Amino acid sequence: MFERFTVPARQAVITAQQDARERRQTHIRTENVLIALYESPTSPGAQLLRDAGVERADVEADIVRMHRGDAPDPEALATIGIDLDEVRRQVEVAFGPGALERTRAARGKGAGKHVPFDRPAKKSLELSLREALRLDRSYIGSEHILLGLLHAETGAAHHILASRGVTLAGMRAAVEEFGRGAASG
């Protein structure tokens, strides 16, 4: 299927993997794919997002907000009797200074290795092929990836876009209109 992707669409997939690595995620998620669409600013996907009033900075802020709970919350841990600073101190006494920074997780576990797509991200790419075929296209452009992300079953990217008023039906119409006046990407 990857051979059908346009250059900007391929770049988005590659950038999504890099984004997942930088965020130290074990899988590429739909939100990584969404933010990666902005990598090629002149691509149809990025232009359509901006035309819908969805800016990269806003998507990035939504992603950060979504994953804020991924890090330990010292105040929440304190309510159940765990002093995070004391735990860190004891780890350093037992294993030496900087012990927590030497773990695989701290170094970015698997950095440089292949990061697989999670199920919703994989599904969104499959749906991008269906969207391209629905529009009678022989290629998958960034605009088709965007449409794939807008399906309800495709996870966080769908929720981010829906919260900003972007719908599958509305974006389909925008893609069709865009396709009448511009080359794909």
Side-chain angles (χ1 to χ4, degrees), residues 1-25 27-70 115-185:
M1 181 169 81
F2 202 58
E3 66 278 357
R4 289 184 176 213
F5 282 61
T6 62
V7 171
R10 286 178 192 216
Q11 186 60 45
V13 171
I14 292 165
T15 301
Q17 185 176 43
Q18 292 167 343
D19 186 64
R21 268 196 206 111
E22 289 169 11
R23 295 176 197 274
R24 296 184 176 164
Q25 297 170 189
H27 287 80
I28 301 166
R29 302 173 185 165
T30 59
E31 59 269 29
N32 304 117
V33 177
L34 176 59
I35 200 75
L37 287 175
Y38 290 97
E39 186 64 24
S40 297
T42 59
S43 72
Q47 289 179 21
L48 287 159
L49 284 165
R50 284 192 304 276
D51 290 349
V54 182
E55 297 296 330
R56 181 189 177 108
D58 298 328
V59 171
E60 184 64 45
D62 287 346
I63 293 170
V64 168
R65 252 190 311 282
M66 279 176 23
H67 296 293
R68 187 177 294 144
D70 291 353
V115 180
F117 286 91
D118 71 1
R119 186 162 294 161
K122 214 180 276 189
K123 180 71 173 174
S124 73
L125 293 178
E126 291 169 7
L127 290 167
S128 70
L129 171 62
R130 289 187 190 167
E131 290 292 338
L133 293 174
R134 189 186 66 76
L135 292 167
D136 201 29
R137 302 292 187 261
S138 60
Y139 57 85
I140 300 169
S142 59
E143 67 273 31
H144 305 122
I145 292 175
L146 175 56
L147 291 173
L149 291 170
L150 280 164
H151 284 261
E153 66 269 26
T154 59
H158 165 77
H159 297 292
I160 290 170
L161 294 168
S163 74
R164 299 194 171 281
V166 181
T167 65
L168 178 58
M171 191 55 70
R172 277 179 172 163
V175 167
E176 288 176 21
E177 181 64 31
F178 190 89
R180 285 194 262 285
S184 181

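In this text the structure is predicted, and so the values were computed from the model without any measurement.
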> Looking at CG of L37 and CG of L49, how far apart are the two atoms once the value is rounded to the nearest 0.5 Å?
Replying inline: 6.0 Å

> Tell me, do H151 and T30 make a side-chain contact under 4.5 Å, heavy atoms counted?
Replying inline: no

>> For E31 versus A157, what's the shortest heavy-atom pair and its separation?
In response: N-CB, 4.2 Å

> Hey, does the side chain of R10 reach the backbone of F5 with a donor-acceptor pair shorter than 3.5 angstrom?
Replying inline: yes

> Which is it for F178 and Q47 under the side chain to side chain contact (heavy atoms under 4.5 Å, CB included) test, yes or no, and what are the steps along the way?
Replying inline: CA-CA 9 Å; F178 190 89; Q47 289 179 21; 3.2 Å; yes

> In Å, rounded to the nearest 0.5 Å, how long is the span from CD1 of I140 to CD of E3?
Replying inline: 8.5 Å

>> Closer than 4.0 angstrom, basic N to acidic O: yes or no for R137 and E131?
In response: no

> Where is the tightest heavy-atom contact between G45 and S142, given as atom of each residue plus distance?
Replying inline: N-OG, 2.8 Å

> Just by modelled atom types, is the A46 backbone N or O under 3.5 Å from a matching donor or acceptor in the R56 side chain?
Replying inline: no

>> Under the criterion side chain to side chain contact (heavy atoms under 4.5 Å, CB included), I'd like the reasoning laid out for L147 against L168: C-alpha separation, chi angles, the key distance, then a yes or no.
In response: CA-CA 6 Å; L147 291 173; L168 178 58; 4.1 Å; yes

> Can you list the steps and then say if L129 with H144 is a side chain to side chain contact (heavy atoms under 4.5 Å, CB included)?
Replying inline: CA-CA 7 Å; L129 171 62; H144 305 122; over 6 Å; no

> Can you check whether A12's main-chain N or O pairs, donor with acceptor, with T15's side chain at less than 3.5 Å?
Replying inline: no

>> Quick one, L146 with V175, criterion side chain to side chain contact (heavy atoms under 4.5 Å, CB included). Give me CA distance, side-chain angles, the key distance, then yes/no.
In response: CA-CA 9 Å; L146 175 56; V175 167; 5.6 Å; no

Show which side-chain atoms of residues 158-167 pair as donor or acceptor with protein atoms under 3.5 Å away, not counting sequence neighbours.
{"from": "H158", "atom 1": "ND1", "to": "L150", "atom 2": "O", "distance (Å)": "2.9"}
{"from": "S163", "atom 1": "OG", "to": "H159", "atom 2": "O", "distance (Å)": "3.4"}
{"from": "S163", "atom 1": "OG", "to": "I160", "atom 2": "O", "distance (Å)": "2.7"}
{"from": "R164", "atom 1": "NE", "to": "D62", "atom 2": "OD2", "distance (Å)": "3.1"}
{"from": "R164", "atom 1": "NH2", "to": "D62", "atom 2": "OD1", "distance (Å)": "3.2"}
{"from": "R164", "atom 1": "NH2", "to": "D62", "atom 2": "OD2", "distance (Å)": "3.1"}
{"from": "T167", "atom 1": "OG1", "to": "G170", "atom 2": "N", "distance (Å)": "3.0"}

>> Regarding R119 and E126, does a basic nitrogen lie under 4.0 Å from an acidic carboxylate oxygen?
In response: no

> About how many Å separate OG of S124 and CG of L149, when rounded to the nearest 0.5 Å?
Replying inline: 4.5 Å

>> Looking at every non-hydrogen atom in both residues, tell me the closest pair between A121 and D118 and how far apart they are.
In response: N-OD1, 2.9 Å

>> Test of understanding: with side chain to side chain contact (heavy atoms under 4.5 Å, CB included), list the residues that count as partners of P116, not counting sequence neighbours.
In response: H27, H114

> Do the side chains of L127 and E153 get nearer than 4.5 Å, heavy atoms only?
Replying inline: yes

> Can you check whether F117 reaches N32 side chain to side chain, under 4.5 Å on heavy atoms?
Replying inline: no

>> So, using salt bridge (Lys or Arg N to Asp or Glu O under 4.0 Å) as the criterion, who are the partners of R23 when residues are at least two apart?
In response: D19, E60

